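Please read the structure below before turning to the comments.
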Amino acid sequence: MSLTIYGIPASRAVRPLWAATELGLDFVHVPTPFQGGFTRTPEFLALNPNGHIPVVVDQRPPEQGGEVVVWESMACALYIARHHGQPDGTRITPANAREDAQALRWSFWAVNECEADALTVLMHRMVMPAERRKPELATAAEKRLAVPLRMIERHLQQQQERGETYLAASRFTVADLCVASVLNWARAARSLMAEHPLTHDWIVRCIERPAHLAAKALGEV
């Protein structure tokens, strides 16, 4: 059985790369940037007809389904956690139905409620050249993000009251990985982060994990 991950860390592909690294998996990383036509070759389109990274190819025994191809970054990370981790209550894999439900709902929530605005903040506050930035777009995105950030701040407070310091449990799980990979983009909104200190502290704890740092350091072309 072998696992191959296509993509580069400076993209949503960091999610499955991070998940595989957290689990200590022996995987093949194929650096595939989203620019330059690398995702438009016939070979890549045969894996993902959308022409996007990441793609995970899991070579499994025939009795386990044979070759499995997964795309969409959240699906890739959740798949790796579920099918390559152990539900033993010590790793990122959900250990029970409650943790699995938390991972699913928070991951979809992050994509639907936060990702577009968090990316807008990142691009127009930090990444794009100054002359191309549109601060008014970032400001509008930050106003919209205030609503979901209030929600996750409240959830983290409730988790603390339960004695759990992460989204789904008392330990870091794939739920935290998926959501932190999105909300980390919003850290460029300093005033917004200051208004949600539990969320900001939780994001930092997640992204400073050795596995995330190692995944981000994987070679790019």
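On a predicted model such as this, the values are computed, not experimentally measured, just so you know.
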Ser73-Arg12 side chain donor-acceptor pair, cut-off 3.5 Å: no
same_hphob_cluster(Leu122, Met193) at 4.5 Å side-chain heavy-atom cutoff: no
Cys76/Tyr6 under side chain to side chain contact (heavy atoms under 4.5 Å, CB included): CA gap, chis, key distance, verdict: CA-CA 11 Å; Cys76 291; Tyr6 295 79; over 6 Å; no
Heavy-atom pair of closest approach, residues Arg82 and Asp100: NH2-OD2, 2.8 Å
Salt bridge (Lys or Arg N to Asp or Glu O under 4.0 Å), paired with Arg171, selected from Glu22, Glu99, Glu164: Glu99
Hphob cluster co-occupancy, Met128 + Leu119, side-chain heavy atoms under 4.5 angstrom: yes
Inter-residue atom distance Asp176.CG - Leu156.CG, 0.5 Å rounding: 8.5 Å
Inter- and intrachain pairs under ring pair (Phe, Tyr, Trp, His ring centres under 6.0 Å), touching residues 48-81, at least two apart: Tyr79-His83
Within 6.0 angstrom of Gln35 CD, more than 12 heavy atoms from elsewhere: no
4.5 Å side-chain heavy-atom contact, Val57 and Val68: no
Single-linkage hydrophobic cluster, 4.5 Å side-chain cutoff, Val56 and Val14 together: no
Distance in Å, Trp202 CH2 paired with His155 NE2, rounded so as to fall on 0.5 Å steps: 9.0 Å
Leu104 backbone acceptor or donor facing Ser107 side chain under 3.5 Å: no
For Leu177 against Ala77, the heavy-atom pair lying closest together: CD2-CB, 4.2 Å
Presence of salt bridge, Arg150 and Glu113, under 4.0 angstrom: no
Min side-chain heavy-atom separation His84-Asp58 under 4.5 Å: yes
Shared hydrophobic cluster, Phe108 / Val174 (ILVMFWY, side-chain heavy atoms < 4.5 Å): yes
Asp201 side, atom CG; Glu153 side, atom CD - distance, nearest 0.5 Å: 9.5 Å
Working for side chain to side chain contact (heavy atoms under 4.5 Å, CB included), residues Arg187 and Ile207: CA-CA 11 Å; Arg187 289 178 63 215; Ile207 65 167; 3.1 Å; yes
Donor-acceptor under 3.5 Å (His29 side chain, Ala215 main chain): no
Side-chain H-bond candidate by donor/acceptor type, Arg125 with Thr139, under 3.5 Å: yes
Side chain proximity check, Thr173 to Pro94, heavy atoms < 4.5 angstrom: no
Point-to-point distance, once rounded to the nearest 0.5 Å, from CG of Leu149 to CG of Leu192: 5.0 Å
Heavy-atom side-chain contact between Glu115 and Trp185 under 4.5 Å: yes
Nearest-0.5 Å distance that lies between atom CZ in Phe27 and atom OG1 in Thr21: 4.0 Å
Aromatic Phe172 / basic Arg91 pairing, under 6.0 angstrom, 45° off normal: no
Rounded distance [0.5 Å steps], CD1 in Ile152 versus SG in Cys114: 7.0 Å
More than 12 heavy atoms from other groups under 6.0 Å of CZ on Arg190: no
ILVMFWY network linking Val127 to Val121, side-chain heavy atoms under 4.5 angstrom: no
Heavy-atom donor-acceptor pair, His124 side chain to Leu137 backbone, under 3.5 Å: no
Any donor-acceptor N/O pair, Thr120 side chain to Ala118 backbone, under 3.5 Å: no
Worked verdict on Phe44 versus Phe38 for side chain to side chain contact (heavy atoms under 4.5 Å, CB included): CA-CA 8 Å; Phe44 189 84; Phe38 289 91; over 6 Å; no
Any donor-acceptor N or O pair under 3.5 Å, side chains Ser2, Gln59: no
Heavy-atom pair with the smallest gap, counting every atom of Leu145 and Ala186: CD1-CB, 4.0 Å
Step-by-step side chain to side chain contact (heavy atoms under 4.5 Å, CB included) determination, Gln160 to Leu198: CA-CA 10 Å; Gln160 282 195 358; Leu198 292 179; 3.4 Å; yes
